[in-house]
Amino acid sequence: MDKVYIVTSGEYSDYGIDEVFDNREDAEKYVCLNRRNDYYDLRIQEYKVYKNAKLDKVKVYYGIDFIVRDNGINYFKIIYDYKPIEVNIEEYNCFGQKECYGTLPLSNRNVFNDKDAVEKFVYDAVAKFKAEEAGVC
């Protein structure tokens with residue numbers, strides 16, 4: 001496969017990818033079946049599939065970027081880097097509410113697929129950080 005055909009819709013903050021196809025004909029059929037109000041709402045964009053032998057030599061390190069507030073985990077996403085991701089947790093006061101934010105390394109990217117495991121991982125790391133800050137550990 002040398003190209004992919006991406007069906008998109010929306011404008012600006014409303015813009016998004018609807019589907020990805022390995023051939024233009026299927027993308028065109030999808031547009032025909034899912035066209036909404038006018039001819040301009042779904043578009044097909046063509047992209048070359050990136051192939052590069054150098055990528056085989058790159059080791060990917062995985063981690064989590066997160067924000068935890070008093071009411072729980074407010075935000076988290078997976079992050080990628082070519083160097084090991086360090087544990088980095090900081091705490092600050094945000095409009096009267098304590099907030100911890102930072103990054104944590106993951107052993108592999110499959111951990112991220114289990115939301116409960118990710119939440120436990122983040123909560124445990126934040127609890128350890130707070131205990132160390134308080135001098136309990």
Steps toward side-chain contact (heavy atoms from CB on, under 4.5 Å) verdict (Val87, Phe129): CA-CA 10 Å; Val87 173; Phe129 167 78; over 6 Å; no
Could you tell me the separation between the [atom1] atom of [X] and the [atom2] atom of [Y], rounded to the nearest 0.5 Å?
| X | Y | atom1 | atom2 | value |
| --- | --- | --- | --- | --- |
| Lys57 | Asn52 | NZ | CG | 9.0 Å |
| Glu99 | Asn93 | CD | CG | 9.5 Å |
| Ser9 | Glu19 | OG | CD | 10.5 Å |

Common cluster, [X]/[Y], ILVMFWY with side-chain heavy-atom separation under 4.5 Å:
| X | Y | result |
| --- | --- | --- |
| Val118 | Val60 | yes |
| Tyr15 | Tyr30 | no |
| Phe121 | Ile78 | yes |
| Val4 | Leu55 | no |
| Leu106 | Ile85 | no |

[X] vs [Y] side-chain heavy atoms within contact, under 4.5 Å:
| X | Y | answer |
| --- | --- | --- |
| Asp18 | Asn34 | no |
| Asp26 | Tyr5 | no |
| Glu91 | Lys130 | yes |

Cation-aromatic face contact Lys59/Tyr61, 6.0 Å, 45 degrees: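 Yes, Lys59 and Tyr61 form such a contact.
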Heavy atoms of other groups near Tyr82 OH, more than 12 under 6.0 Å: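 Open.
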Sidechain-backbone polar pair: Arg43 side chain, Gly10 backbone, donor-acceptor under 3.5 Å: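 Such a contact is found between Arg43 side chain and Gly10 backbone.
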Salt-bridge present (Lys115, Glu119; N to O < 4.0 Å):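 Answer for the salt bridge query: yes.
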So which heavy atom on [X] is nearest to which on [Y], and how close?
| X | Y | answer |
| --- | --- | --- |
| Lys51 | Asp2 | NZ-OD1, 3.5 Å |
| Ile73 | Tyr123 | N-OH, 3.2 Å |
| Gln45 | Thr8 | OE1-CG2, 3.6 Å |
| Gly102 | Asp65 | O-OD1, 3.2 Å |
| Ile89 | Ala125 | CD1-O, 3.6 Å |

Parallel, tilted or perpendicular, as decided by the 30° and 60° cut-offs, for the rings of Tyr62 and Tyr80: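 The rings of Tyr80 and Tyr62 stand perpendicular, inter-plane angle above 60°.
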Results of ring-ring contact (aromatic ring centres under 6.0 Å, His included) for Tyr92 - residues two or more places apart only: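 Tyr101.
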Sequence-distant partners of Val31, side chain to side chain contact (heavy atoms under 4.5 Å, CB included), two or more places apart: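 Per chain and number, Val31 pairs via side chain to side chain contact (heavy atoms under 4.5 Å, CB included) with Val7, Leu42, Ile44.
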Name of the residue among Asn74, Thr103, Val126, Ile79 meeting side chain to side chain contact (heavy atoms under 4.5 Å, CB included) with Phe66: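 That would be Val126; it is the only one of Asn74, Thr103, Val126, Ile79 passing the side chain to side chain contact (heavy atoms under 4.5 Å, CB included) with Phe66.
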Partners passing side-chain hydrogen bond (donor to acceptor under 3.5 Å, both in side chains) against Lys83 (at least two apart in sequence or in another chain):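 Result, side-chain hydrogen bond (donor to acceptor under 3.5 Å, both in side chains) vs Lys83: Asp81.
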